[in-house]
Trainee: 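Pasting a structure here, questions to come.
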Amino acid sequence: MTGHDIVAPSPWVVRWAPLLARGRVLDLACGSGRHARYLAGLGHEVTAVDRQPPQLAGVRCLRADLEDGGPWPLPGERFAGIVVINYLHRPLYAAIEHALAPGGVLIYETFMVGNERFGKPSNPAFSLRPGELWQAFGGLHVVAFEQGRAGAPKPAMIQRLCAVQR
């Protein structure tokens, strides 16, 4: 099963989406767009960014290679929420935090060290270290943080954070 086989939104996103104020929400590294569709269905104005974003009705889809060393693809834009699922590129941490409007909510979930037992990513460079999301976004008000083994939608070692811009 790849990330593109999963169509339902992450339960972490569903759990914390009620904290998002009506407004602009960014689905960063959106993949197939499952979270962009879900958030648009909740009435948010969604921008979905990916190297090859899908075309989604009612969603602003932007093509950007987030890892090419180029500038942040959304300069000056602020969002009521940012969702990042199954994606890690550490140089974006500051840009993500800066793109959150005051009171904006960050919902982040991705793989951590130990995931190599279950599949990709197997390179530790692409997996979070213990407590890394909390440390990276410690300037935000952390509402919830979890790390460890997850059983669904497939076995994995994950880290999850929900935090609010002060």
Side-chain angles (χ1 to χ4, degrees), residues 3-4 9-10 12-40 42 44-56 58-113 115 120-121 123-147 158-166:
H4 292 291
S10 161
W12 189 252
V13 173
V14 172
R15 179 178 177 186
W16 297 108
L19 291 183
L20 298 169
R22 282 278 181 248
R24 302 178 63 229
V25 177
L26 173 61
D27 184 0
L28 190 65
C30 69
S32 64
R34 65 187 170 127
H35 297 103
R37 278 191 296 278
Y38 173 73
L39 295 164
L42 295 177
H44 296 286
E45 180 186 333
V46 180
T47 298
V49 176
D50 203 285
R51 191 175 297 169
Q52 295 183 5
Q55 293 304 307
L56 303 170
V59 173
R60 174 184 169 210
C61 297
L62 298 176
R63 179 183 303 265
D65 186 340
L66 298 167
E67 298 174 24
D68 70 358
W72 175 249
L74 303 157
E77 293 191 43
R78 293 289 183 95
F79 296 89
I82 299 177
V83 173
V84 186
I85 304 296
N86 296 341
Y87 179 74
L88 176 63
H89 187 59
R90 290 175 177 93
L92 294 178
Y93 286 166
I96 290 168
E97 189 168 339
H98 182 73
L100 273 176
V105 177
L106 173 63
I107 302 172
Y108 205 131
E109 175 182 44
T110 198
F111 303 100
M112 68 177 288
V113 171
N115 193 67
K120 293 185 179 187
N123 181 340
F126 301 112
S127 296
L128 294 164
R129 297 176 298 275
E132 184 174 347
L133 281 181
W134 187 299
Q135 291 171 337
F137 295 102
L140 305 178
H141 171 72
V142 176
V143 175
F145 175 80
E146 296 178 358
Q147 65 182 0
I158 53 90
Q159 214 169 110
R160 301 172 172 136
L161 175 93
C162 177
V164 178
Q165 181 67 279
R166 296 177 194 268

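Just the heavy atoms: all of them, side chains too, but no hydrogens, waters or symmetry mates, feed the values below. In this text the structure is predicted, and so the values were computed from the model without any measurement.
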Trainee: Enter the distance from R78:CZ to Q165:CD here, rounded to the nearest 0.5 Å.
Mentor: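 So the gap between those two atoms works out to 7.0 Å.
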Trainee: Are the side chain of H35 and the backbone of C30 linked by a donor-acceptor contact shorter than 3.5 Å?
Mentor: no
Trainee: Under the rule for salt bridge (Lys or Arg N to Asp or Glu O under 4.0 Å), what residues qualify as partners of E45, not counting sequence neighbours?
Mentor: R24
Trainee: Walk me through whether F111 and F126 qualify under ring-ring contact (aromatic ring centres under 6.0 Å, His included).
Mentor: CA-CA 8 Å; F111 303 100; F126 301 112; over 10 Å; no
Trainee: Begin from the C-alpha positions of V13 and I85 and carry the test side-chain contact (heavy atoms from CB on, under 4.5 Å) through to its verdict.
Mentor: CA-CA 9 Å; V13 173; I85 304 296; 3.6 Å; yes
Trainee: Can you measure from CG (L20) to CG (L42) and round to the nearest 0.5 angstrom?
Mentor: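 Rounded to the nearest 0.5 Å, the CG-CG separation comes out at 8.0 Å.
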Trainee: Between D27 and V46 (side chain of the first, backbone of the second, donor and acceptor by atom type, cut-off under 3.5 Å), is there such a pair?
Mentor: no
Trainee: Going by heavy atoms in the side chains, are E146 and Q159 under 4.5 Å from each other?
Mentor: no
Trainee: Determine which pairs satisfy salt bridge (charged side-chain N to carboxylate O under 4.0 Å, His left out) with at least one residue from residues 87-105, sequence neighbours left out, and list them in order.
Mentor: R90-E132
Trainee: Could you tell me whether the side chain of H44 reaches within less than 4.5 Å of the side chain of Y38, counting heavy atoms only?
Mentor: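 The answer is no, as the side chains (C-beta and beyond) never meet within the 4.5 Å cut-off.
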Trainee: May I ask you to test the V83-L28 pair for a side-chain heavy-atom distance under 4.5 Å?
Mentor: no
Trainee: Indicate yes or no for a side-chain donor-acceptor contact from W72 to the backbone of L92 under 3.5 Å, with no hydrogens or angles considered.
Mentor: no
Trainee: What residues, two or more places apart in sequence or in another chain, satisfy salt bridge (Lys or Arg N to Asp or Glu O under 4.0 Å) together with R37?
Mentor: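 Here no residue qualifies.
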Trainee: Could you grab the distance from atom CG of L88 to atom CG of L133, nearest 0.5 Å is fine?
Mentor: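 These two atoms lie 8.0 Å from each other.
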Trainee: Looking only at heavy atoms, what is the nearest atom pair of E109 and S10, with distance?
Mentor: OE1-OG, 2.6 Å
Trainee: Any donor and acceptor pair, going by atom type alone, linking the side chain of R166 with main-chain N or O of L140 inside 3.5 Å?
Mentor: yes
Trainee: For the pair T47 and V59, evaluate side-chain contact (heavy atoms from CB on, under 4.5 Å) and give the outcome as yes or no after the intermediate values.
Mentor: CA-CA 6 Å; T47 298; V59 173; over 6 Å; no
Trainee: Looking at every heavy atom in both G103 and V164, which two are closest together, and how far apart are they?
Mentor: O-CG1, 3.6 Å
Trainee: Using only atom types and a distance under 3.5 Å, with no angle test, would you say the side chain of D65 pairs donor to acceptor with the backbone of R51?
Mentor: no
Trainee: Any side-chain donor-acceptor pair under 3.5 Å between E67 and Y87?
Mentor: yes
Trainee: Find the distance between CG (N86) and CZ (R34) and round it off to the nearest 0.5 Å.
Mentor: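 It comes to 6.0 Å.
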Trainee: Any chance you could measure N115, atom CG, to I158, atom CD1, to the nearest 0.5 Å?
Mentor: 9.5 Å
Trainee: Between Q52 and R63, does a side-chain contact (heavy atoms from CB on, under 4.5 Å) hold up when you go through it step by step?
Mentor: CA-CA 6 Å; Q52 295 183 5; R63 179 183 303 265; 3.7 Å; yes
Trainee: Tell me whether the rings of W12 and W16 are parallel (<30°), tilted (30 to 60°) or perpendicular (>60°).
Mentor: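 Taking W16 first and then W12, their aromatic rings stand perpendicular (interplane angle over 60°).
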Trainee: Specify the closest pair of heavy atoms between P54 and S32, including all atoms of both residues, with the distance to one decimal.
Mentor: CG-O, 3.4 Å
Trainee: So do the side chains of C61 and L56 get within less than 4.5 Å of each other, counting heavy atoms only?
Mentor: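 Sidechains of L56 and C61: in contact.
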Trainee: D50 vs L66, test: side-chain contact (heavy atoms from CB on, under 4.5 Å). Steps then yes/no.
Mentor: CA-CA 8 Å; D50 203 285; L66 298 167; over 6 Å; no
Trainee: Counting C-beta onward and ignoring hydrogens, is there a side-chain heavy-atom pair between F145 and L161 closer than 4.5 Å?
Mentor: yes
Trainee: Counting only N and O atoms by type, is there a donor-acceptor contact under 3.5 Å from the side chain of Y108 to the main-chain atoms of F137?
Mentor: no
Trainee: Enter the distance from T110:OG1 to R160:CZ here, rounded to the nearest 0.5 Å.
Mentor: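 Reported value, rounded in 0.5 Å steps: 11.0 Å.
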Trainee: For a side-chain contact (heavy atoms from CB on, under 4.5 Å) with I82, tell me which candidate from V105, I107, L26 qualifies.
Mentor: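 One option only clears the test, and that one is L26.
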